[in-house]
Amino acid sequence: MRVTKLLVRIGGGIFLGLVLWGGVELFLRASGTGGVLGFFSNNWTYGISLYAAFVFVIGVICLWAIFSPETFLNRGLRSIEDALEGLSFSRWIIAFVFMMLPSIILLGPWGYRFNLAVFRIVLLLTAALAAGMILPGRPQQLLHRLALAVLGAASLFILGRYLILITEYPFAIGWSDGNRIWDYSLYFCRSRYIVEGGFSYPTYMTPGRHGLWGLPFLIPGVTIGAMRAWDAVLWTAPYLLLGLTLFSSRRINLSTTMRWVIVLWSFLFLWQGPIYTPLVLSAALLVWGYDRRHFGRSLLVTALACFYAGISRWTWLVAPGIWAAIWALLEDVDSGRSWPRRLKRPIALGLSGLAGGAASQVAQSLAFPRANPVYATAFKQELLWYRLFPNPTNTLGIVPGLIMAVGPVILILGWVIIKGYLKWDGLQLLGLTASLAAFLGVGVVASLKIGGGSNLHNLDMLLLAILLFAAIGLYQIQGRRIKSIPVLIRISIALAAIIPACLAIRTGEPLRLPDKQVVDIALATMSAEI
């Protein structure tokens with residue numbers, strides 16, 4: 001891999017600045033914890049000393065990389081590759097350990113002390129740089145390996161955040177843990193409860209979402225730990241399933257390394273919401289079944305995807321139909337035909353999706369009657385406009401958070417369209433823009449309502465649409481030679497990978513529970529009172 005001097009200077013300078021900033025965060029966190037040097041406890045003294053040594057080493061490496069001649073730098077990278085050549089399979093093991101370091105440190109016993117945003121980024125990037133250098137592969141794939149290491153370390157951290165929550169602890173471990181498990185039990189385990197008066201399902205409950213999470217209640221004697229394990233599966237596996245389906249070898253020709261880079265990137269891109277699993281599964285169903293050569297199957301799969309989305313949340317019921325319609329429009333390369341003929345397939349797919357969405361509402365009202373319609377409260381809540389910008393509910397704010405989440409991808413997509421690498425004409429761009437604008441409007445309005453402003457999860461249809469349309473563009477651009485990529489677009493590509501990884505690691509700490517004796521006393525007291 002030939003590393004350009006400009007890339008090294010920009011990256012090395014930014015990384016060195018982050019390392020110094022992280023040191024300041026660590027110093028301020030440790031100050032006042034003890035009497036060593038008038039500031040630190042013994043443990044923090046060791047930690048600060050270790051970080052100071054780390055800063056010195058990283059500073060020397062960064063300055064050497066920045067000021068060394070380009071040819072000397074590339075020879076140095078080649079020497080490292082040659083030295084690692086003999087490790088063979090051990091390289092995978094060592095690289096995996098490095099990718100696990102952020103999870104081990106931040107989710108381990110001391111992790112709650114490191115609620116430091118920049119320090120976490122430094123930890124992620126340092127571990128990923130080490131893992132990327134060690135991962136096996138051709139020298140020309142160094143940047144691909146570095147990307148795989150960054151995205152892999154962040155994905156492992158998300159997985160670790162859910163795995164540590166798998167416990168038989170009988171009380172809630174999150175603000176909605178207890179009431180959610182109660183909700184999930186109502187579809188398959190309602191016979192356990194004695195309900196005074198007539199029973200009707202709560203307005204917010206839907207079989208597509210709550211029924212999916214409640215499937216373990218079909219198992220006699222299922223435990224709280226099993227329910228939490230199922231929750232961990234649903235918040236991770238479907239994301240990977242969608243990525244693997246969207247970037248399968250059937251649809252795009254990629255090396256193994258690049259395929260996993262894009263799959264893990266799609267996982268983290270969607271997790272910026274995070275997006276509820278039923279909509280992800282609807283998208284995965286659409287991607288799996290959609291095929292331009294088999295239009296009848298595409299119509300059926302679109303209807304099924306809209307049906308499942310509709311029985312999961314009423315605001316989703318037409319989303320897969322719109323995705324399918326725009327997909328058909330974007331892959332229509334015959335721009336010489338009239339608009340009515342070109343719109344024939346997109347309209348048919350949209351109508352098929354609309355039929356599936358309408359059927360979902362009819363089926364749900366008949367099978368699971370409720371006292372009020374599902375949209376009963378949707379139009380009564382006020383819009384909380386302050387949530388557009390940083391606030392106590394959402395420290396990033398809807399607008400800055402959305403710009404960070406999708407800005408680099410939109411910029412890259414816009415560049416390849418303007419440069420003509422994607423041959424999308426006015427009709428295709430009109431359909432693309434109109435659908436994204438509709439999803440943006442619905443998502444922003446939902447995010448400004450009560451209960452919707454702590455993250456970007458209500459912009460779920462927009463995030464999925466951007467991922468799908470970017471994938472379609474990648475299908476069409478593969479194999480074309482791109483002569484030169486401007487520095488701004490190179491930076492955007494790097495940010496598109498780094499930002500989701502950094503956002504994934506910005507929160508998360510070890511699970512701290514009371515002693516078993518305290519829990520047993522609380523349970524005994526509750527039982528006696530009941």
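Side-chain atoms are counted along with the backbone in the values below, which use heavy atoms only and exclude waters and symmetry mates. Along the sequence shown, the residues carry numbers beginning at 1.
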Spacing of [atom1] belonging to [X] relative to [atom2] belonging to [Y], to within rounding of 0.5 Å:
{"X": "T167", "Y": "Y169", "atom1": "OG1", "atom2": "OH", "result": "9.0 Å"}
{"X": "F439", "Y": "W323", "atom1": "CZ", "atom2": "CH2", "result": "6.5 Å"}
{"X": "L163", "Y": "L159", "atom1": "CG", "atom2": "CG", "result": "4.0 Å"}
{"X": "L456", "Y": "L396", "atom1": "CG", "atom2": "CG", "result": "8.0 Å"}
{"X": "L116", "Y": "L123", "atom1": "CG", "atom2": "CG", "result": "11.0 Å"}
{"X": "I61", "Y": "W64", "atom1": "CD1", "atom2": "CH2", "result": "8.5 Å"}

Closest approach of [X] and [Y], non-hydrogen atoms and distance?
{"X": "N455", "Y": "P274", "value": "ND2-CD, 3.8 Å"}
{"X": "I485", "Y": "R490", "value": "O-NE, 3.1 Å"}
{"X": "R91", "Y": "L135", "value": "NH2-O, 3.0 Å"}
{"X": "P510", "Y": "L107", "value": "CB-O, 3.3 Å"}
{"X": "F269", "Y": "L463", "value": "CE2-O, 3.3 Å"}
{"X": "A496", "Y": "V409", "value": "CB-CG2, 4.4 Å"}

Ignoring hydrogens and geometry, is there a side-chain-to-backbone donor-acceptor pair from [X] to [Y] under 3.5 Å?
{"X": "T277", "Y": "L234", "answer": "yes"}
{"X": "R387", "Y": "G397", "answer": "no"}
{"X": "E25", "Y": "V118", "answer": "yes"}
{"X": "Q478", "Y": "N253", "answer": "yes"}
{"X": "R145", "Y": "I134", "answer": "no"}
{"X": "D515", "Y": "V518", "answer": "no"}
{"X": "R259", "Y": "L254", "answer": "yes"}
{"X": "Y239", "Y": "I275", "answer": "yes"}
{"X": "T33", "Y": "S41", "answer": "yes"}
{"X": "W230", "Y": "L212", "answer": "yes"}

Exercise for review: Measure centre to centre between the rings of Y51 and F56, then say whether the value is under 6.0 Å.
Suggested key: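 Between F56 and Y51, which both carry aromatic rings, the centre distance is not below 6.0 Å.
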
Review point. Does the ring center of W235 lie less than 6.0 Å from the ring center of W213?
Key: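 Judged by ring-centre distance (under 6.0 Å), W235 and W213 do meet the cut-off.
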
Check your understanding: Does a sphere of radius 6.0 Å around CD in Q517 hold more than 12 heavy atoms from other residues, nucleotides or ligands, not counting ones at 6.0 Å or beyond?
Key ->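 Incorrect, the count does not exceed 12.
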
Review point. Taking atom CZ of F96 as the centre, does the number of heavy atoms from other residues, nucleotides or ligands within less than 6.0 Å exceed 12?
Key: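 Incorrect, the count does not exceed 12.
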
Heavy-atom distance under 4.5 Å between the side chains of [X] and [Y], does that happen here?
{"X": "D177", "Y": "L165", "value": "no"}
{"X": "Y475", "Y": "L246", "value": "yes"}
{"X": "P278", "Y": "W316", "value": "yes"}
{"X": "I121", "Y": "F15", "value": "no"}
{"X": "M100", "Y": "F157", "value": "no"}
{"X": "L411", "Y": "L495", "value": "no"}
{"X": "L474", "Y": "I262", "value": "yes"}
{"X": "L143", "Y": "L146", "value": "yes"}

Review point. Can a salt bridge be assigned to the pair R180 and D231 using a cut-off of 4.0 Å between side-chain N and carboxylate O?
Key: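 Salt bridge flag = no for D231 with R180.
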
Exercise for review: Using the test ring-ring contact (aromatic ring centres under 6.0 Å, His included), find all partners of W415 that sit at least two apart in sequence or belong to another chain.
Suggested key: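 W415: ring-ring contact (aromatic ring centres under 6.0 Å, His included) contacts with Y421.
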
Practice item. Report the C-alpha separation of L50 and Y46 in whole Å, then their side-chain angles, then the decisive distance to 0.1 Å, and conclude whether the side chain to side chain contact (heavy atoms under 4.5 Å, CB included) test is met. Key: CA-CA 6 Å; L50 185 63; Y46 300 141; over 6 Å; no

Check your understanding: Any side-chain donor-acceptor pair under 3.5 Å between W110 and N43?
Key ->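 Result is no, nothing qualifies.
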
Review point. Between T395 and R506, do the side chains contain an N or O donor and an N or O acceptor separated by less than 3.5 Å?
Key: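 The answer is yes; a qualifying pair exists.
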
Exercise for review: Determine, stepwise, if the pair L462 / L402 fulfils side chain to side chain contact (heavy atoms under 4.5 Å, CB included).
Suggested key: CA-CA 10 Å; L462 175 68; L402 185 60; 4.1 Å; yes

Check your understanding: Hey, does the Lys NZ or Arg CZ of R512 hover above the aromatic six-ring of Y112, less than 6.0 Å from the centre and inside 45° of the axis?
Key ->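 Pair R512/Y112 counts as cation-pi.
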
Review point. Regarding R120 and the six-membered ring of F114, is the cationic atom NZ or CZ under 6.0 Å from the ring centre and inside 45° of its axis?
Key: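 Judged by the rule, R120 and F114 form no cation-pi pair.
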
Exercise for review: List the steps and the verdict of side chain to side chain contact (heavy atoms under 4.5 Å, CB included) for V444 and L388.
Suggested key: CA-CA 8 Å; V444 168; L388 288 174; 4.0 Å; yes

Exercise for review: Apply the test side chain to side chain contact (heavy atoms under 4.5 Å, CB included) to residues Q476 and L422: give CA-CA distance (whole Å), side-chain angles for both, the deciding distance (0.1 Å), then the verdict.
Suggested key: CA-CA 7 Å; Q476 297 178 9; L422 281 176; 3.9 Å; yes

